Amino acid sequence: MSSCNNSACLNEARRVAIFGGTHGNEMSGVTLVNLWVKNSAEIQRKGVETKPFITNPKAVEKCTRYVDTDLNRAFTPENLSAPGGDNLPYEVQRAQEINRIFGPKESPDAYDVIFDLHNTTSNMGCTLILESSNDHFNLQMMHYIKKAIAPASCLVLLNEHPLLKYSTSRSVAKHPVGLEVGPQPQGVLRSNIFEAMRVILKHALDFIELFNEGMEFPPCTVEAFRVLERIDYPRDANGNIIAMVHPNLQDCDWEPLNPGDPMFQTFDGKTIHYHGSGTVYPTFINEAAYYEKQQAFVTTRREALVASAIRKV
Amino acid sequence: MEVDKVVCLPRLPRVAVCGGTHGNELSGVYLVRELLKAEKKVMEKEEEEPLSVLMVLSNPRAMQQCRRYVDTDLNRCFTHAKLNGPIPDDAPYEIIRSRELNATLGPKGNPEAVDLVCDLHNTTANMGLCFIAYSDCDWICMHIFRHLQRQMPDVPMRYIHFDVSNKESYSLDSVGKHGFAMEIGPQPHGVVRSNIYTAMKVGVQHMLDWVRIFNSGTIFEGGCVDVFTMIKHIDYPRDSETRNITAAIHPQVQDRDFCLLHPEDPLFQTFSGETLRYKGNEPLYPFFINECAYYEKGIALSLARKRLNSGIERFLDLKG
C-alpha cells in the first residue's frame, strides 16, 4: 500500500465475487446468487467483473449446512494444499477448487473482493464481518454502506481474534467481506431479509464503482464490535446442554450485557448470570449452527476503527 | 349455546408425551429429556389408580443428527397401511421405528392402545400454540385445549382440525385412542428458544393436570371452541424447469398466521418485486406460513375455515 498525498493508494478492484450457499441452508444468499447467475444485470458495474457463485452446490441441493465438513472453516493452509483428490471430504475438495478459481489465497492473482452471503437464526440484523482492522478498503466500504442505508442499521463485526478467527471461503480474496443477515430460520426464505441483503450489496457494488472511477474517500471512523470470547451453553458431564439462552438475553444481540445480568435459564427454570469483569456486547445469540461448535453467543467490545483516506492508484 | 346433556367418557389411565418426532424440533426434544430425568409415576389419592405417563423420544437417530428425519418423515408413517404388512430388511429407518412406536403406544385401533397421545412439535411459522387433531368433536382434546386457554391466557392458542378419516390418518398422535399434536412456533429448527420451551412445558403440565382432574370424576362444563378446519394448501410459484421457488411469502402475510386472507390480498412477492395475489373465492385463515419443512412438500401456507364449535359437552368420567 503506497501513500500519495496522505491517502493510501490502492489498486482498482477489478474482480469481485459474490458467494452464496457457503452454507446450503442459508437461503437469502442461495436465492440471490441463483438469480444473478441467470440474470446479472443488477450486479453489473462499469469497470468491474462481478461473478456470482454458489460455493457449496451439494449442500444447497440437500438444503443442509454442509455435507462432510463446514466449508466456511475449510480454507486452512493444510486443507488447501492437501493431496488426495476425490478421497478428501467434499468441502475440502470444494475449497481447493474455489482457491484455484478465485485465489490462490494470499497471491497477487487472487480476486480483489469477495462478498460471502450468510443468514443467521440470531437477531443480528444486517452485519458486515471484517477480518482485519488494517483493511482500509473494506473499512471505507463499510463506512459507505452504513451511511447509505441510514437510518436503517448495519453493524460491523470485527473478528481478528487469533484463536477465534477461522478460515472462511471469502478469505481467498484480498478484501474479504462477510455479510450476515438475520434472524431467519435455516431453510426458510423471508422476503424482508432477502431484500435487506440485496440493498446492502447494491451499495457495496456502488462503492467499488465509485472507487474505481477515482473518487477519493477521506479518513473516517467506523464503529465496530470486536470479538472477545466465545461462551458455550452450560453442559452436564456427558456434554448435553442443560440450559437455554435466558429470555432476557434472547434476541438482544448488540445490547449491553452487564455482570450480574441473566444469561441462561436451566430447563427446570433456574437463572444463570453473567459473571464477566465488565460490560460486553453479545452477538450470534442462539445461532442454530453453533450448538455443535460449543457456542451460545460471542462477546464483543465496541471499538472505533480508523480508516485512512483511500484512492485508486 | 349451552348444552345440558352430560356425556360420559372412560377415564384416561395411560398418556404418552412424545418429543423429537422430528429430530430438529428442539423444544419437545429437550422437554421430554428433562421429563425423563424426573420420571415418576404420579400417585393420586389412595382410592385412585396412578396416571401412567409415558415419555417417548420418537426419532432418536434424527435427534442425534439434529435433522427432521433420516430416511422419511416419521410423522407420515402411521397409516394403517404403512403400519401393517411385510417390509424389506432395508426398509427406511422411520418405517421400522413407526412399527416399534405402534407396538409401544398402540397398536393403533386396538383396545390396548394408550388413551391419549400428545406429540410435541415446533414450527418456523408464527402460530403460537396450536392443537392439531383429526377430529373436530373429540371432547377430550377440546376440553384439554379449553383448559390450556384458561390457564395460559397470554399465549395465543388455536385448535386446528385436519379432516382426515381414521383410515387415512398418518401421524403419531393417531396411534392413541385420543391424540393431538401440540405445535408451537415460531422457533427455527435446530434452536431452542426459552419462551417457546416454557410455553410447551407449561402446556404439557396443564394437560396432565387436566387428565388427573378428569380421572378423579370431575364434571366439566360445556362451552365453545373456535375450530380451524384445513381446507387447502398453496405452493410457492416455481420455475417450470428447475422447480426452484420464484417468489417469497409477501411481507404483508409473513408472520400473520390466522389473520384472515381475502381474495386479491397480496400473497407472494417475486424476486423481481412483483406482487402475486390470493386468487381464492372466499376469505380463509392462513397458517403454517413459511414453515421450513414444507418447502419440499410443496406448501407455502395452509388455509382454513373457522367455525365456532359450540357443542363441547359437559361430561364426567366413567369408572371401570
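All of these numbers come straight from a predicted model, not from anything done at the bench. A, B, ... follow the sequence lines: proteins, then strands. Residue 1 opens every chain. Every heavy atom of this structure was used, including side-chain atoms; hydrogens, water molecules and symmetry mates were not.
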Self-check item: Which atoms of B:Phe271 approach chain A - backbone, side chain, both or neither, heavy atom under 4.5 Å
Solution: both
Practice problem: Give the intermediate values and the outcome of side-chain contact (heavy atoms from CB on, under 4.5 Å) for residues A:Leu71 and A:Phe19. | Solution: CA-CA 12 Å; A:Leu71 180 61; A:Phe19 285 175; over 6 Å; no
Quiz item: Is the distance between the ring centroids of A:Phe284 and A:Phe297 under 6.0 Å?
Solution: no
Quiz prompt | chain A interface, residue from B:Ala293, B:Ser194, B:Pro188 that has the most non-hydrogen pairs under 4.5 Å | solution = B:Ser194
Quiz prompt | Contacting region of B:Asn195 [heavy-atom separation from chain A under 4.5 Å] | solution = neither
Exercise. Heavy-atom distances under 4.5 Å only: say whether A:Thr31 touches chain B with side chain, backbone, both or neither.
Key: side chain
Quiz prompt | Heavy-atom proximity to chain B below 4.5 Å, by part of A:Ile241 | solution = both
Quiz item: Would you call B:Glu264-B:Lys279 a salt bridge at under 4.0 Å N-O?
Solution: yes
Quiz item: Hey, are B:His121 and B:Glu183 close enough side-chain-wise for a donor-acceptor pair under 3.5 Å?
Solution: no
Practice problem: Go through the atoms of A:Asp268 and report whether side chain, backbone, both or neither lie under 4.5 Å from a heavy atom of chain B. | Solution: both
Practice problem: Verify the distance criterion only: is there a donor paired with an acceptor across the side chains of B:Asp209 and B:His147 at less than 3.5 Å? | Solution: no
Exercise. Examine whether an atom of B:Asn24 lies under 4.5 Å from a heavy atom of chain A, and if so say whether it belongs to the side chain, the backbone or both; otherwise answer neither.
Key: neither
Quiz item: Are side-chain N/O atoms of A:Tyr290 and A:Asp232 paired as donor and acceptor at under 3.5 Å?
Solution: no
Quiz item: Relative to chain B, which of A:Arg198, A:Glu287, A:Glu42 shows the most heavy atom pairs under 4.5 Å?
Solution: A:Arg198
Quiz item: Side chain, backbone, both or neither: which part of B:Ile245 has a non-hydrogen atom closer than 4.5 Å to chain A?
Solution: side chain
Quiz prompt | Sole residue of B:Leu276, B:Leu261, B:Thr275 in side chain to side chain contact (heavy atoms under 4.5 Å, CB included) with B:Leu267 | solution = B:Leu261
Self-check item: Toward chain B: residues of residues 183-195 of chain A with heavy atoms under 4.5 Å
Solution: A:Pro185, A:Gln186, A:Gly187, A:Val188, A:Leu189, A:Arg190, A:Ser191, A:Phe194, A:Glu195
Quiz item: What about B:Phe287 and B:Phe228, are their ring centers closer than 6.0 Å?
Solution: no
Quiz item: Is the Lys NZ or Arg CZ of A:Lys58 less than 6.0 Å from the centre of A:Tyr90's six-membered ring, within 45° of the axis?
Solution: yes
Exercise. Tell me, please, which residues at least two apart from A:Asn238 pass side chain to side chain contact (heavy atoms under 4.5 Å, CB included).
Key: A:Asp236, A:Asn240
Quiz item: A:Phe267 versus chain B, heavy atoms under 4.5 Å apart: side chain, backbone, both or neither?
Solution: both
Self-check item: Contacting moiety of B:Thr242, where chain A heavy atoms sit under 4.5 Å
Solution: neither
Quiz prompt | Centroid-centroid under 6.0 Å between B:Tyr30 and B:Tyr197 rings | solution = no
Quiz item: Among A:Thr121, A:Ile242, A:Asn39, which residue forms the greatest number of heavy-atom pairs with chain B at distances under 4.5 Å?
Solution: A:Thr121
Quiz prompt | Minimum-distance pair of heavy atoms, taken over all atoms of B:Ile299 and B:Ser302 | solution = CG2-OG, 3.9 Å
